[in-house]
Chemist: 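There's a structure below that I have some questions on.
Treat the numbers as computed from the prediction; the structure is a model and nothing was measured. For reference, positions follow the sequence shown, starting with 1.
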Amino acid sequence: MTLSRRGLLTGAFGLTAAAALAACGDDSSSSSTEGADAKTLTLWHYEGPTSAMGIAWAKAIEIFKTKHPGVEVKFEEKSFEQIQQNAQMILNSDSAPDILEYNKGNATAGLLSKQGLLTDLSDEATKRGWDKKLSSSLQTTAKYDESGIMGSGKFFGVPNYGEYVMVYYNKAMFDKFKIAVPTTLDEFTAVLDTFVKNKVTPLAVGGAEYPAQQIFYELALSKADRAFVDDYQLYKNKVDFHGPVLTYGATTFADWVSKGYLAKDSAGIKAEDMGVSWEQGKFPILISGSWWYGRFAKEIKDFEWGTFLFPGNTLHPGSSGNLWVVPEKSKAKALAYDFIDITMTPEIQNLLGNNGGVPVAADPSAITDAKNKELIENFNKLTTGDGLAFYPDWPAPGYYDVMVAGVQGLINGSKTPQAFLDEVAKPYNENLADLGK
């Protein structure tokens, strides 16, 4: 998410204690002297062990160990929320890790790059060929200018996977009511109505974190074009928060609540609980990101499921995946660069793809599972068709919490669509003023 999650399985696996892993390789591959003689690499990320990224990065740590004898890897699994809320404070202290997964976008990686808390990776990206492995659309979230706005400037992060929001559906529940996969928004609305008529709440929703705002954004994007996305995300022109795009998203989301497409108690549901409820077959539909895909493939045993892109949209929430960033205070930068390099190798990229991830540089012929091929093909369709619209909470610092609270208000009925739009417009416009725009 989102934040893409997304972004990513927000708080799904909680906090774990730091686990020190003994290493066993050599650091001769380091192309920089910055911390090349360090004996410890502290690495943080928030991917669960059964996710595609968690599996791939565990393998990357193993490979790193074989190449760096005498180096200890201290891996700490954090929650998405913890890093989101505390990164600025931690990276500005002596407790900063040497490398971590961090959310991309103006409000997150862009803000930290502007504050001088992230290392400029441009030289390493060129030297190691990372820039050649990332399409221009994927580089959008890796580069930030002096104002912290994405899309140009220097590399401050490296993504090694992609992500996008889609519709997951329970085939057994669709078959029970003789429902076909919808191809337009009107057809999708008819599907939701059919479930409600049969006393089934259609949508599993996590309103306490990122998922609900991504549904609002999908609805808004059904009325949007690339110019709107550029205005909203890249500040190319002023955005009218009461214009047709965002008004449609807010009013339609509120309408979906009133029609019973999602439960009003979903305002207090976290992303993890949403995902588990869908895995248990309690809801026929879940609208969320590709980061769930590998986990669902492994954990769902009791029903057949499939996916489709949000019906009728040409634009979808999505982007490169989250970034590997190297804090400016890292004491082992050369080792951090080596680890990033490993995650970009064919071995790790193919492993990502074969475990339900969306690799950025895999060999298509090495992806063996039909479902995984479909996942990657849909992402490639979006990237080649300029269909990635980033995420609704990206444009302004602190916007994630504003979006969560705003959409919760739409779900529990404490806010009208107009009040919601007023609420989200305020920090956005304040941020533009701070940027002198």
Chemist: Residues in side chain to side chain contact (heavy atoms under 4.5 Å, CB included) with A52, at least two apart?
Modeler: L352, N355
Chemist: In chain order, what residues pass the ring pair (Phe, Tyr, Trp, His ring centres under 6.0 Å) check against Y102, with sequence neighbours excluded?
Modeler: none
Chemist: Could I get the full list of ring pair (Phe, Tyr, Trp, His ring centres under 6.0 Å) partners for F339, not counting sequence neighbours?
Modeler: W324
Chemist: Any ring pair (Phe, Tyr, Trp, His ring centres under 6.0 Å) involving residues 364-387? Give me the pairs, sequence neighbours left out, ordered by first then second residue.
Modeler: Y164-F379
Chemist: Can you name the side chain to side chain contact (heavy atoms under 4.5 Å, CB included) partners of D225, sequence neighbours left out?
Modeler: A227, F228
Chemist: Taking only residues two or more places apart in sequence or in another chain, which ones pass ring pair (Phe, Tyr, Trp, His ring centres under 6.0 Å) with F296?
Modeler: Y168, W278, W292
Chemist: With sequence neighbours left out, what residues match L234 under side chain to side chain contact (heavy atoms under 4.5 Å, CB included)?
Modeler: M150, D230, K236
Chemist: If a pair satisfies salt bridge (charged side-chain N to carboxylate O under 4.0 Å, His left out) and one of its residues is in residues 366-387, list it, with sequence neighbours excluded.
Modeler: R226-D386
Chemist: For A58, what residues pass the side chain to side chain contact (heavy atoms under 4.5 Å, CB included) criterion, not counting sequence neighbours?
Modeler: none
Chemist: Quick one: which residue pairs count as a salt bridge (charged side-chain N to carboxylate O under 4.0 Å, His left out) with a foot in residues 339-364, not counting sequence neighbours?
Modeler: R128-D341
Chemist: Name all pairs fulfilling the salt bridge (charged side-chain N to carboxylate O under 4.0 Å, His left out) condition that reach into residues 137-146, sequence neighbours left out, sorted by first residue then second.
Modeler: none
Chemist: Indicate, with yes or no, if the rings of F253 and F216 have centres closer together than 6.0 Å.
Modeler: no
Chemist: Please list, chain by chain and in numerical order, all residues satisfying ring pair (Phe, Tyr, Trp, His ring centres under 6.0 Å) with Y293, sequence neighbours excluded.
Modeler: W305
